Participant: 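Got a structure here, written out as structure tokens. Questions coming.
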There are 2 protein chains.
Amino acid sequence: MRPAEELRYLILAAQREGNRILARRLQPLGVTPSQAEVLRLLLDRGPLTLKGLGELLVCESGGSPSRLVDRLHAAGLVHREVPAHDRRQVTLTLTDAGRRVAEEVAGVEEDLHARIESAAQGRALDEATAFLRSFVAGLPSGDAVARRRGTASG
Amino acid sequence: MRPAEELRYLILAAQREGNRILARRLQPLGVTPSQAEVLRLLLDRGPLTLKGLGELLVCESGGSPSRLVDRLHAAGLVHREVPAHDRRQVTLTLTDAGRRVAEEVAGVEEDLHARIESAAQGRALDEATAFLRSFVAGLPSGDAVARRRGTASG
DNA sequence: AGACAATAATTGACATGACATCGATGTCGT
DNA sequence: ACGACATCGATGTCATGTCAATTATTGTCT
């Protein structure tokens, strides 16, 4: 098996398994991994428009995450408001319930990050990080990660 | 941003972008990345049952890939046969058309692998590979990669 | 003002993925 | 033989993801 091919499948496998682990841990909170990413972004970066949110999301890298936000709104976790100065945009905020869930999500993520670091077992993650940064540079979801690395939390 | 968190999102981003690149390149062939994985496995590893295929697939790591194969069968790329000795098992083979497409898929994958190696830029991929192997070890799709590494091609 | 391009979000269509459940079929113990 | 159990696939349901087309609204140019 060519090294690049194995790496490609390992990235696919890691994403799938990481997502499954996260999904199971998030299940008691009633949210999916994608929904959790939205909640965390709204918690850390205050009000966002759908477009602004889309530029920070790694999941749902393309178009606008309307349907993703729809479910969070239906669940009472996200508040939507149409500002008067531009009725094309939608301003998203966490409700009180949404903020509570978002904070629990942060705890769940801590566990997963600990598992990632334990899998590293002293190996330097810098090389892997640099490689992946290079691979996704200039692509939509790569830019999303870069934007989130740029500022405070996220 | 915590290193493990960035790495987590980079893996997600790399998987998404890699999949999009592959999907665009496969579009002229009329197959999706997941379908391409099935075709390649059938090309390299002769007849497979649905269960056997499922154990080698990294995508669709869970249950049985019935619906995935359904579309390939509907497209005339995969032949299904029910052996007499155990009518529970379905034997999958490539049709002639399926073999032609599978061979073209192999060429498309070469391009993507070249792009991966170019993103590596001399960086050692061994560390990244070892880290990801460790992370997915013992999990379904991690085992699938290991099984494929174990034998001849794939 | 009026035509027209640009922007933001929604929606439709299609294929995955994950999980649970169901039906058919073999196997095995008695 | 027969009934419990295991195995394999198929199917239902829900939530993503991706792309393209549509709608509503705003900015711009003449």
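What you are looking at is a predicted structure, and each value in this text was computed from that prediction instead of being measured. Below, read A as the first sequence line, B as the second, and so on, with proteins coming before strands; counting in each chain starts at 1.
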Participant: Could you give the CG-to-C1' distance, from A:L12 to D:dG17, as a whole number of Å?
Facilitator: 14 Å
Participant: What pairs of residues pass the salt bridge (charged side-chain N to carboxylate O under 4.0 Å, His left out) test when at least one of them lies in residues 134-146 of chain A, not counting sequence neighbours?
Facilitator: none
Participant: Could you check whether A:T32 gets within reach of a base, just the sugar-phosphate, or nothing at all, counting any heavy atom under 4.0 Å?
Facilitator: sugar-phosphate
Participant: Specify the separation, in whole Å, of atom CG of B:L53 and atom P of D:dA10.
Facilitator: 11 Å
Participant: Show me the pairs that pass salt bridge (charged side-chain N to carboxylate O under 4.0 Å, His left out) and involve residues 69-86 of chain B, at least two apart or across chains.
Facilitator: B:D70-B:R80, B:D86-B:R88
Participant: Given atom CZ of A:R25 and atom C1' of C:dA18, what is their separation to the nearest angstrom?
Facilitator: 17 Å
Participant: B:P33: which residues meet the side-chain contact (heavy atoms from CB on, under 4.5 Å) condition with it, sequence neighbours left out?
Facilitator: B:N19, B:L22, B:A23, B:L26
Participant: Heavy atoms under 4.0 Å is the rule here; annotate nucleotides 18-25 of chain D 5' to 3' with B where the base is hit, S where only the sugar-phosphate is, and - elsewhere.
Facilitator: BS-----B
Participant: Taking all atoms of both residues into account, what is the closest heavy-atom pair of B:A128 and A:A128, and its distance?
Facilitator: CB-CB, 3.9 Å
Participant: Would you list the pairs meeting salt bridge (charged side-chain N to carboxylate O under 4.0 Å, His left out) in which at least one residue belongs to residues 118-136 of chain A, sequence neighbours left out?
Facilitator: A:R133-B:E6
Participant: List in numerical order all residues of residues 104-116 of chain B for which some heavy atom is under 4.0 Å away from an atom belonging to DNA chain D.
Facilitator: none
Participant: Does a side-chain N or O from B:S64 land closer than 4.0 Å to OP1 or OP2 of D:dG9, or not?
Facilitator: no
Participant: For B:E104, what residues pass the side-chain contact (heavy atoms from CB on, under 4.5 Å) criterion, not counting sequence neighbours?
Facilitator: B:L29
Participant: Counting only heavy atoms and a strict 4.0 angstrom limit, can you tell me which residues of residues 134-144 of chain B come near DNA chain C?
Facilitator: none
Participant: Are B:R99 and B:E103 close enough for a salt bridge, meaning some N to O gap below 4.0 Å?
Facilitator: no
Participant: Starting at the 5' end of DNA chain C, which residue's closest nucleotide do you reach first, B:H85 or B:S34?
Facilitator: B:S34
Participant: Given atom CD of A:Q35 and atom P of C:dA18, what is their separation to the nearest angstrom?
Facilitator: 16 Å
Participant: Among all residues two or more places apart in sequence or in another chain, which pass the side chain to side chain donor-acceptor pair (under 3.5 Å) test with A:E60?
Facilitator: none
Participant: Using residues 108-117 of chain A as the side-chain source, report each donor-acceptor pair under 3.5 Å to any protein atom, sequence neighbours left out, with the distance given to one decimal.
Facilitator:
{"residue": "A:E109", "atom": "OE1", "partner": "A:R40", "partner atom": "NH1", "Å": "2.4"}
{"residue": "A:E109", "atom": "OE2", "partner": "B:R8", "partner atom": "NH2", "Å": "2.9"}
{"residue": "A:E110", "atom": "OE1", "partner": "B:R2", "partner atom": "NH1", "Å": "2.3"}
{"residue": "A:E110", "atom": "OE2", "partner": "B:R2", "partner atom": "NH1", "Å": "3.4"}
{"residue": "A:H113", "atom": "ND1", "partner": "A:E109", "partner atom": "O", "Å": "3.4"}
{"residue": "A:H113", "atom": "NE2", "partner": "B:R8", "partner atom": "NE", "Å": "3.0"}
{"residue": "A:E117", "atom": "OE1", "partner": "B:R2", "partner atom": "NH2", "Å": "3.2"}
{"residue": "A:E117", "atom": "OE2", "partner": "B:R2", "partner atom": "NE", "Å": "3.2"}

Participant: Looking at residues at least two apart in the chain, or sitting in another chain, which of them share a side-chain contact (heavy atoms from CB on, under 4.5 Å) with A:S66?
Facilitator: A:L50, A:S64
Participant: Using the side-chain contact (heavy atoms from CB on, under 4.5 Å) criterion, which residues pair with A:A97? Sequence neighbours excluded.
Facilitator: A:L77, A:T95, A:R100
